[in-house]
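This report concerns only the one structure given below.
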Amino acid sequence: MATQPTTRIEQNIDAVRGFNRFYTRQIGVLREGLLQSAFSLTEARVLYEIAHRQLPTATELRQELGLDPGYLSRLLSKLEKRGLVAKSASRSDGRQSLLRLTARGRRTFATLDARQSAEVAALLRAVPPTGQSRLVQAMRSIETVFGARPAPTPYILRSHQPGDMGWVVHRHGVLYAQEYGYDEQFEALVAEIAANFIQHFDAKKERCWIAEKDGEIVGSIFLVKKSKSVAKLRLLLVEPSARGLGIGKRLVEECLRFARQAGYKKMVVWTQSELPAARHIYEAAGFRLVEEKAHRSWGRDDLVSQIWEMKL
């Protein structure tokens with residue numbers, strides 16, 4: 001027979017343990033297969049972290065999840081053998097490997113992610129709106145008490161509207177001049193791309209996404225038709241103030257989703273070798289580098305263009 005807690009700390013311990021038992025049962029983590037799959041909770045969480053980070057290392061995952069290095073190494077090897085995770089050598093640190101989901105890994109994670117959202121939706125539907133608000137606030141309170149960082153300000157993605165093309169041209173001109181020393185000829189190129197998009201816009205095969213945060217535009221991306229079966233990704237931009245929120249990755253994901261729905265078989269993107277953040281996003285999404293070429297453009301004589309491709 002269990003003894004009754006007598007002190008305040010004992011009462012609190014009992015309450016926390018009781019809540020843990022209740023909540024783990026409520027969200028189904030005690031079931032043999034998480035989300036009706038063959039994955040454990042830890043395996044699914046590792047897949048989640050890799051999917052939502054730009055080429056993370058095992059060290060980053062270990063620090064984020066608090067896992068034993070040996071255990072994480074064995075788990076990653078298991079996921080790699082199953083064809084879900086791939087490793088590549090880090091150029092900045094030869095001792096580290098960069099992790100990404102394979103095409104099979106992305107499909108597997110997408111299934112798990114959809115099932116998770118469906119289960120949470122079913123859980124919330126049983127709670128009235130006022131109760132949902134109390135529930136979410138209580139969860140945020142728990143995170144705050146344990147020192148969790150506040151969630152970043154949310155952003156939205158929308159289709160283009162009048163005035164957006166001017167912003168795209170202006171911000172590309174300003175940022176690329178400040179960060180890479182490009183002259184006004186680059187701005188002219190962006191203006192030409194934007195004008196062609198509007199003048200020849202095909203709503204069934206092309207799209208522009210604009211990212212907004214706190215009522216301000218903070219990013220853009222275009223998907224344009226190169227041929228009947230090939231789509232071209234263009235003008236990916238994220239404002240410095242909004243970098244690190246995953247907006248660039250999300251914009252590329254939206255392009256890929258739309259391209260597949262539109263029936264394209266391949267997507268290409270033309271970029272520069274000195275844009276590492278964009279290249280990491282493309283590589284993590286599954287693009288592969290197929291061509292490099294030195295060129296002189298936009299007031300610079302040391303540029304190297306790159307073409308990346310991805311079969312859809």
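Residue indices begin at 1 and follow the sequence shown.
The main-chain N or O of Trp270 is never found under 3.5 Å from a side-chain atom of Lys232 such that the two would form a donor-acceptor pair. For the pair Arg171 (side chain) and Leu237 (backbone), a donor-acceptor distance under 3.5 Å is absent. A distance-only check finds no donor-acceptor pair linking the side chain of Glu119 to the backbone of Arg115 [under 3.5 Å]. At least one donor-acceptor pair closer than 3.5 Å links the side chain of Arg279 to the backbone N or O of Ser273. Proximity of a side-chain donor or acceptor of Tyr264 to a complementary backbone N or O of Lys205 within less than 3.5 Å is detected. Between the side chain of Ser220 and the backbone N or O of Ile210, no donor-acceptor pair lies under 3.5 Å. In this structure, the side chain of Glu10 engages the main chain of Thr7 through a donor-acceptor pair within 3.5 Å. One N or O on the side chain of Asn196 and one on the backbone of Glu192 form a donor-acceptor pair closer than 3.5 Å. Judged by distance alone, with hydrogens and angles left aside, the side-chain atoms of Lys266 form no donor-acceptor pair with the main-chain N or O of Ala231 at under 3.5 Å. Of the possible polar contacts, one joining the Glu43 side chain to the Ser40 backbone as a donor-acceptor pair under 3.5 Å is found.
The neighbour count for Arg134 CZ, taken as heavy atoms of other residues, nucleotides or ligands under 6.0 Å away, does not exceed 12. The environment of Gln132 atom CD is dense: over 12 non-hydrogen atoms of other residues, nucleotides or ligands sit within 6.0 angstrom. The environment of Lys87 atom NZ is dense: over 12 non-hydrogen atoms of other residues, nucleotides or ligands sit within 6.0 angstrom. With a 6.0 Å radius and a threshold of 12 heavy atoms from other residues, nucleotides or ligands, Tyr48 has its OH atom at or below the threshold.
Using a 4.5 Å heavy-atom cutoff, the side chains of Trp209 and Ser159 are not in contact. Within the 4.5 Å cutoff, the side chain of Tyr176 has no heavy atoms near those of the Val190 side chain. Two residues are said to be in side-chain contact when any heavy atoms from C-beta on lie closer than 4.5 Å; Met165 and His160 meet this criterion. Contact check for Leu55 versus His280: side-chain heavy atoms found under the 4.5 Å cut-off. Side-chain contact between Leu65 and Thr42: absent, with no pair of heavy atoms (C-beta onward) separated by less than 4.5 Å. Taking the side chain as every heavy atom from C-beta outward, Leu76 and Glu80 never approach each other to under 4.5 Å. Two residues are said to be in side-chain contact when any heavy atoms from C-beta on lie closer than 4.5 Å; Arg104 and Arg107 meet this criterion. Between Val268 and Val230 there is a side-chain heavy-atom pair separated by less than 4.5 Å.
Between Ala194 and Val169 the shortest heavy-atom distance is CB-CG2, 4.2 Å. Leu157 approaches Ala211 most closely through the heavy-atom pair CD2-CB, 3.5 Å. The shortest non-hydrogen separation linking Pro56 to Ile50 is CG-CA, 4.1 Å. The two atoms that bring Ala58 and Leu99 nearest to each other are N-CD1, 3.9 Å, heavy atoms only. In terms of heavy-atom proximity, Met310 sits nearest to Arg260 at CE-NH2, 3.4 Å. Shortest non-hydrogen contact noted between Gly219 and Trp167 is N-CH2, 3.8 Å.
Note: Arg288 CZ to Trp308 CH2 = 10.5 Å, rounded to the nearest 0.5 Å. Here the straight-line distance linking atom CZ of Arg100 with atom CD of Gln54 works out to 14.5 Å at 0.5 Å rounding. Here OH of Tyr182 is found 12.5 Å from CG of Leu175. Values are rounded to the nearest 0.5 Å. Taken to the nearest 0.5 Å, the OH atom of Tyr282 stands 5.0 Å off from the OG1 atom of Thr271. Rounding to the nearest 0.5 Å gives a distance of 11.5 Å between CG of Leu223 and CG of Leu235. In this structure, CZ in Phe39 is found 11.5 Å from CZ in Phe109, a value given to the nearest 0.5 Å.
A chain of hydrophobic side-chain contacts below 4.5 Å, direct or via other Ile, Leu, Val, Met, Phe, Trp or Tyr residues, connects Val120 to Phe19. Ile307 and Leu189 fall within the same hydrophobic cluster, where Ile, Leu, Val, Met, Phe, Trp and Tyr residues are linked whenever their side-chain heavy atoms come under 4.5 Å apart, directly or through other members. Linking ILVMFWY side-chain heavy atoms closer than 4.5 Å, directly or via other members, places Tyr71 and Leu84 in a single hydrophobic cluster. Connection of Ile217 to Leu236 is not established within any shared hydrophobic cluster, with ILVMFWY side chains joined at heavy-atom distances below 4.5 Å, either directly or through further cluster members. With hydrophobic clusters built from ILVMFWY side chains whose heavy atoms lie under 4.5 angstrom apart, Val252 shares a cluster with Phe258.
The pair Asp202-Arg207 fails the salt-bridge criterion, with no side-chain N (NZ, NE, NH1 or NH2) lying under 4.0 Å from an Asp/Glu carboxylate O. A salt bridge is absent between Glu239 and Lys213: the closest approach of a Lys/Arg side-chain nitrogen to an acidic carboxylate oxygen does not fall below 4.0 angstrom. In this structure, Arg243 pairs ionically with Glu179, as a charged nitrogen and a carboxylate oxygen lie closer than 4.0 Å.
Among residues two or more places apart in sequence or in another chain, the side chain to side chain contact (heavy atoms under 4.5 Å, CB included) test is passed with Arg62 by Thr59, Pro69, Leu72.
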- So Arg257 and Glu254, salt bridge (Lys or Arg N to Asp or Glu O under 4.0 Å) or not? Walk me through it. CA-CA 5 Å; Arg257 179 188 59 79; Glu254 289 299 314; 2.7 Å; yes
- Task: Given side chain to side chain contact (heavy atoms under 4.5 Å, CB included), test His172 with Phe186 step by step and report yes or no.
- Result: CA-CA 8 Å; His172 271 81; Phe186 178 75; 4.1 Å; yes
- Item | Arg250 vs Ile247, side chain to side chain contact (heavy atoms under 4.5 Å, CB included): CA-CA, chis, key distance, verdict | CA-CA 5 Å; Arg250 172 79 184 284; Ile247 294 176; 5.6 Å; no
- Task: Let me see the working for Leu75 and Val46 under side chain to side chain contact (heavy atoms under 4.5 Å, CB included), right down to the final yes or no.
- Result: CA-CA 9 Å; Leu75 189 151; Val46 167; 3.9 Å; yes
- Item | Audit row: Gln306, Gln272, side chain to side chain contact (heavy atoms under 4.5 Å, CB included) steps and yes/no | CA-CA 6 Å; Gln306 296 181 333; Gln272 306 302 311; over 6 Å; no
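Other members of a hydrophobic cluster containing Val127 are absent, since no ILVMFWY side chain comes under 4.5 Å of it, directly or through relayed contacts.
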Distance-only check: which donor-acceptor pairs under 3.5 Å involve side-chain atoms of residues 297-305, not counting sequence neighbours?
| residue | atom | partner | partner atom | Å |
| --- | --- | --- | --- | --- |
| Ser297 | OG | His295 | ND1 | 2.8 |
| Arg300 | NE | Asp302 | OD1 | 2.8 |
| Arg300 | NH1 | Tyr180 | O | 2.5 |
| Arg300 | NH1 | Glu274 | OE2 | 3.3 |
| Arg300 | NH2 | Glu274 | OE1 | 2.9 |
| Arg300 | NH2 | Asp302 | OD1 | 3.1 |
| Arg300 | NH2 | Asp302 | OD2 | 3.4 |
| Ser305 | OG | Lys293 | O | 3.2 |

